[in-house]
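Residues: numbered from 1 along the sequence shown.
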Amino acid sequence: MNNITNFNGLERAQLGAALAAGYEAPRDYLTELRTNISLIRDIASQYCQLTLHDMELRVVRTMVFHHFLAKTLQLLPRYINDLKQGRCIEAFHISSGLHRNDNFWLWCDRICSNMEGQEFYDNLKNDINCLKSLLAESEKIQMYCEPVLFERFYFAKKQNYGKDGLRERFEEWMYSNLGCTIEKLRSLQAKVVADALKKDILHFAPEPSQTDTDKVQLDYLKGLLPYNYEMTEGFRVACAQWRQFIHWNDTILIIDYKKYGKYIQNHYYDFSSEQLKVIFELDMKLHLIHEEMARLNPELVDILQPAQAGSLENTALFAPYNTFKRMLTQDWFDEVSTDKEKYTTTWRVEMVSELMKSDIGIVIAEEWQKSNKRQILKGAVMGGLKLAGVVKGSDLSIASAIVGGNVTDSKTFANYMGRGSKGDIANWICDYVKG
């Protein structure tokens, strides 16, 4: 790696940091494996739906099926090993229901029986049995994965979704409400959740018990929602399902990302693209609401910060996260901030949390292990904040506020800021601020 702020070795660093960080960015072969699994399912289904009297055509179709089956078997052991090592937590075959899909195995049995007498029959039969065994093994491994991996999966996938003007729409909402209060924010919090639930994002969640369903206080919820808000059929059940993934702390709705992440992971490939957009936008909307709540009531910061840190604790991500957070929450920041009302302490802590939960955070965690890189990384963060327009002033004046009165140290840190403004950390911060 020639320059830490350029991250030329991004892929290498991501691969090397898997165990330390607890989750690695998706590996290239996973796309191929997911495609192959989808193909063998579709080919098997089509084979059994079509009427093919010509045996030669049946053999040709079966050979295509067997081709993709063999390619799948080549990749599955690697996938299983990565699961065991905590390098990935994808669940495409679980989402597709392939392992537990009785119809799929009936299709395979039919294909196999039709090929009896063909010279490749034994290999085909053995490969189908091998597929069943490997899929069962990979599913079993995921049943015992550390919960933190599901949280890491969730935040890795969240990076794929832009904010699409959410902050601008939120600011418009505050403007149109003629003065923002905690009560109004609580109502908005209830509405954005209700809107998301109506999109059926909990379609695959476990069915709640009657007791859990009875605990849903619809009358209280109606008091928070707009007048005549339309509740769809099954809304109470969806609310009971939602309660499995959240808890309340004061007025703040806190998502349990370990549980919620596992649910999203298990069904990621079952959701429509629109549902996935709703899922991750809901998270972003709640963040904006909570940020404003904390601005109105600073005591809520103590509730939000642990939730934003999530399970960074006990991972290699926590040390840089904690250092960046301490750096950005000191009094000097307000002196160089371009907008104190917008770039609040809560905003800064959330930004650092999101940075460390991104793919670049994995790289930062690896580089953080080298003590001589830590000031460079801090400088890159500040360089990125200046480039994004969050802070103002010369590099040296900002560096002096951070480092203190030592001129040499301040000049060195200012140099790191300048270099850092041209790297991937700075680019990520700029994208975050624009979002």
Side-chain angles (χ1 to χ4, degrees), residues 90-92 94-97 150-151 153-174 176-177 184-209 212-213 215-248 251-292 307 354 435:
E90 298 283 338
F92 34 80
I94 293 180
S95 288
S96 68
F150 299 108
E151 183 176 18
F153 173 90
Y154 177 87
F155 284 106
K157 293 300 183 185
K158 182 181 173 182
Q159 300 301 316
N160 298 329
Y161 293 83
K163 299 183 181 180
D164 293 337
L166 290 178
R167 182 174 289 276
E168 288 77 8
R169 294 202 296 274
F170 178 68
E171 290 173 351
E172 288 173 4
W173 175 87
M174 289 197 295
S176 64
N177 271 269
K184 287 181 179 180
L185 290 166
R186 289 184 68 197
S187 294
L188 181 61
Q189 181 176 239
K191 184 177 183 300
V192 297
V193 171
D195 288 346
L197 295 184
K198 287 169 67 174
K199 298 293 186 181
D200 207 20
I201 63 172
L202 297 181
H203 178 81
F204 307 103
E207 290 188 4
S209 66
D212 289 337
T213 305
K215 289 179 181 178
V216 177
Q217 301 176 35
L218 276 188
D219 289 339
Y220 175 77
L221 184 57
K222 287 178 181 177
L224 294 173
L225 293 171
Y227 178 70
N228 281 341
Y229 184 86
E230 183 180 352
M231 295 184 179
T232 56
E233 185 179 354
F235 185 76
R236 181 192 287 268
V237 173
C239 289
Q241 290 173 308
W242 178 242
R243 285 163 59 95
Q244 300 175 65
F245 304 114
I246 62 103
H247 69 275
W248 291 92
T251 59
I252 304 291
L253 184 154
I254 306 294
I255 296 175
D256 184 334
Y257 288 109
K258 295 182 181 69
K259 290 182 180 178
Y260 193 50
K262 186 172 185 178
Y263 166 65
I264 301 302
Q265 183 260 4
N266 280 349
H267 300 284
Y268 188 79
Y269 299 101
D270 293 327
F271 292 115
S272 68
S273 57
E274 178 61 27
Q275 284 177 316
L276 288 172
K277 186 171 183 287
V278 169
I279 286 167
F280 293 111
E281 282 195 352
L282 170 61
D283 203 25
M284 300 171 196
K285 291 174 182 176
L286 289 174
H287 159 63
L288 293 171
I289 293 168
H290 296 163
E291 181 182 70
E292 185 62 18
E354 292 292 316

Can any side-chain N or O of [X] pair as donor or acceptor with the backbone N or O of [Y] at less than 3.5 Å?
X: S187; Y: L225; answer: no
X: K285; Y: V192; answer: no
X: Q244; Y: P206; answer: yes
X: K198; Y: E230; answer: yes
X: Q275; Y: D200; answer: yes

Do [Y] and [X] meet the salt-bridge criterion of a basic N to acidic O distance under 4.0 Å?
X: E291; Y: R167; answer: yes
X: K191; Y: D195; answer: yes
X: E354; Y: K158; answer: yes

Is there a side-chain contact between [X] and [Y] (heavy atoms, below 4.5 Å)?
X: D270; Y: F204; result: yes
X: V193; Y: L286; result: yes
X: V278; Y: F271; result: no
X: H203; Y: H267; result: no
X: W173; Y: K184; result: yes
X: Q241; Y: V237; result: yes
X: I279; Y: Y161; result: no

Where do [X] and [Y] come nearest, in terms of heavy atoms and distance?
X: Q189; Y: L253; answer: OE1-N, 3.2 Å
X: K222; Y: M231; answer: CG-CE, 3.4 Å
X: R243; Y: V216; answer: CD-CG2, 4.0 Å
X: F150; Y: Q265; answer: CE2-OE1, 3.5 Å
X: A240; Y: D212; answer: CB-O, 3.9 Å
X: A196; Y: L282; answer: CB-CD2, 3.8 Å

Subject >> Whether over 12 other heavy atoms sit under 6.0 Å from Q217 CD >> reply: no

Subject >> E168 atom CD: more than 12 heavy-atom contacts under 6.0 Å >> reply: yes

**OP:** Enumerate the residue pairs fulfilling ring-ring contact (aromatic ring centres under 6.0 Å, His included) with a member in residues 226-245, sequence neighbours excluded, ordered by first and then second residue.
**Re:** W242-Y260, F245-Y260, F245-Y263

Original post:
Say you draw a straight line from CG of L166 to CG of L288; how long is it, rounded to the nearest 0.5 Å?
Top reply: 6.5 Å

**OP:** Describe, in one word, how the ring planes of F153 and Y268 are oriented to each other, choosing from parallel (under 30°), tilted (30 to 60°) and perpendicular (over 60°).
**Re:** perpendicular

